[in-house]
Amino acid sequence: MNIILLGPPGAGKGTQALRLVEAHGMRQLSTGDMLRAAVKAGTPVGLQAKAVMAAGELVSDAIVSALIGEELDAMAQDCGAIFDGYPRTAAQTESLDGILAARGRSLDHVIELAVDEDALVERITGRYTCAECGKGYHDHFEQPKVAGVCDKCGSTQFKRRPDDNEATVRTRMAEYRAKTAPILPIYDARGIVARVDGMAPMDAVTAAITAVLVQ
Ligand code: ADP
Ligand code: ADP
Ligand code: ZN
């Protein structure tokens, strides 16, 4: 099974992807994570992407589509893919069709996480992750069970993304509205979009997505 999690920054794509990975043994393909790794490693892609990401704008379609192709090639054929943060433009949608077809895969569902824009700034500015395992947390909505200790791996080191500030978030939301939201009708026409209420508590969102997957 291959699915896309689609929604603006802070909608809960990463949170839900991790839960699906744990419950169904699928693999999360996050272009944001891939790009951050490239920036950290100082690769040519990272050098090109760094300033664009810091500004909250979109990295070129060619770069992100190449990253996705490489990740799929490294996966077992029977392992399901969760696309998180990709595709983000109509051109990427087209690229993904070709990338999947070339590998004998097809899209089963596009899950739209519908959220209220006013809540996103609060979600993004309160977001942090475990520096060791990447598990996501939030200052108000998802704190570790023991303060300062990761639930999943026990690490006491956490980090925040440099682009998770209010000014950049506004640009990222504008990019989403202008370039990403218009891809929904493309998938709607194929009858594969399921709309899930992303404002519900995390467990309820997971239950709603799971209900779509078992249909
Ligand atoms: P995305 O990957 O779509 O940018 P995240 O999954 O990183 O979003 O979620 C953004 C922040 O909001 C995180 O700190 C996360 O803990 C929190 N969050 C995610 N889903 C919910 C939810 N349903 N209710 C409240 N907070 C949430
Ligand atoms: P969020 O979880 O908040 O939606 P991501 O981690 O997915 O953010 O992306 C962070 C940044 O990486 C984006 O603001 C953009 O600069 C870049 N990026 C990630 N995925 C893509 C993509 N598919 N196309 C273009 N740029 C991307
Ligand atoms: Zn951890």
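In listed order, ligands and their atoms are each counted from 1. Residue indices begin at 1 and follow the sequence shown.
Atom 24 (N) of ligand 1 has its closest protein heavy atom at Arg123 NH2, 3.5 Å. Counting only heavy atoms of the protein, atom 14 (O) of ligand 1 lies nearest to Tyr137 O, 2.7 Å. Shortest contact from atom 3 (O) of ligand 2 to any protein heavy atom: Arg172 NH2, 2.5 Å. Of the protein's non-hydrogen atoms, Gly12 N, 3.1 Å is the one closest to atom 8 (O) of ligand 1. Among all non-hydrogen protein atoms, the one lying nearest atom 27 (C) of ligand 1 is Met202 CE, 3.4 Å. Among protein heavy atoms, the minimum distance from atom 20 (N) of ligand 2 is reached at Thr31 OG1, 2.8 Å. Nearest non-hydrogen protein atom to atom 2 (O) of ligand 1 is Gly14 N, 2.8 Å. What sits closest to atom 6 (O) of ligand 1 on the protein, heavy atoms only, is Thr15 OG1, 2.5 Å. Given atom 25 (C) of ligand 2, the protein heavy atom at minimum distance is Val59 O, 3.2 Å. Atom 18 (N) of ligand 2 has its closest protein heavy atom at Leu35 CD1, 3.5 Å. Given atom 22 (C) of ligand 2, the protein heavy atom at minimum distance is Arg88 CD, 3.4 Å. Counting only heavy atoms of the protein, atom 11 (C) of ligand 2 lies nearest to Met53 CE, 3.9 Å.
The backbone of Ala200, and not its side chain, has at least one atom closer than 4.0 Å to an atom of ligand 1 (non-hydrogen atoms only; backbone = N, CA, C, O). Contacts with ligand 1 closer than 4.0 Å are made by heavy atoms of both the backbone and the side chain of Lys13. Only the side chain of Arg127 comes within 4.0 Å of ligand 2, judged by heavy-atom distances.
Put simply, part of Ala11 is less than 4.0 Å from ligand 1, judged by heavy atoms. For the pair Gly10 and ligand 1, a heavy-atom separation below 4.0 Å is found.
With rounding to the nearest 0.5 angstrom, the CZ atom of Arg27 is 9.0 Å from the CG atom of Leu72. Taking CE of Met34 as the start and OG1 of Thr31 as the end, the distance is 6.5 Å to the nearest 0.5 Å.
Ion pairing between Arg19 and Asp203 holds under the 4.0 Å rule for side-chain N and carboxylate O. For the pair Arg123 and Asp116, the salt-bridge criterion is not met [side-chain N within less than 4.0 Å of a carboxylate O]. Here Asp139 pairs with Arg160 in a salt bridge; the nearest charged N to carboxylate O distance falls below 4.0 Å. Under 4.0 Å is where a charged nitrogen must lie from a carboxylate oxygen, and between Lys135 and Asp151 no such pair does. With respect to the salt-bridge test (charged N to carboxylate O, under 4.0 angstrom), the residues Asp84 and Lys13 do not qualify.
Considering both main-chain and side-chain atoms, Ser30 never comes within under 3.5 Å of ligand 2 through any nitrogen or oxygen pair. Not one N or O of Asp84 is nearer than 3.5 Å to an N or O of ligand 1, by distance alone. Remark: ligand 1 and Phe141 share no N or O pair separated by less than 3.5 Å (distance only, no angle test). Taking distance alone, with nitrogen or oxygen atoms compared against 3.5 Å, Asp33 stays at or beyond that limit from ligand 2. For ligand 2, the polar-atom distance check finds an N/O of Gly85 within less than 3.5 Å of one of the ligand's N/O atoms. Below 3.5 Å of separation, one finds an N or O of Glu57 facing an N or O of ligand 2. Residue Arg161 has at least one N or O atom closer than 3.5 Å to an N or O atom of ligand 2.
Summarising the local packing, CD of Glu71 is surrounded by more than 12 heavy atoms from other residues, nucleotides or ligands at distances under 6.0 Å. The number of heavy-atom neighbours closer than 6.0 Å to CZ of Arg195, taken from other residues, nucleotides and ligands shown, is 12 or below. Within 6.0 Å of atom CD in Glu22, more than 12 heavy atoms from other residues, nucleotides or ligands are found, so the atom counts as buried in its surroundings. By the 6.0 Å contact criterion, CD on Glu94 is open, its count of non-hydrogen atoms from other residues, nucleotides or ligands being 12 or less.
You'll find the side chain of Met53 reaches within 4.5 Å of the side chain of Arg36, heavy atoms only.
Counting the atoms of ligand 2 from 1 in the order shown, those under 4.0 Å from a heavy atom of Gln92 are 22 (C), 23 (N), 24 (N), 25 (C). Per-residue contacts place Glu142 under 4.0 angstrom from the following atoms of ligand 1 (heavy atoms of the residue considered): 16 (O). Ligand 1 places these atoms under 4.0 Å from at least one heavy atom of Gly198: 23 (N).
Under the side-chain contact (heavy atoms from CB on, under 4.5 Å) rule, Val45 has a single partner from Val59, Val64, Leu35, which is Leu35.
Annotation: angle subtended at the Zn ion (ligand 3) by Cys130 SG and Cys133 SG is 110°, to 10°.
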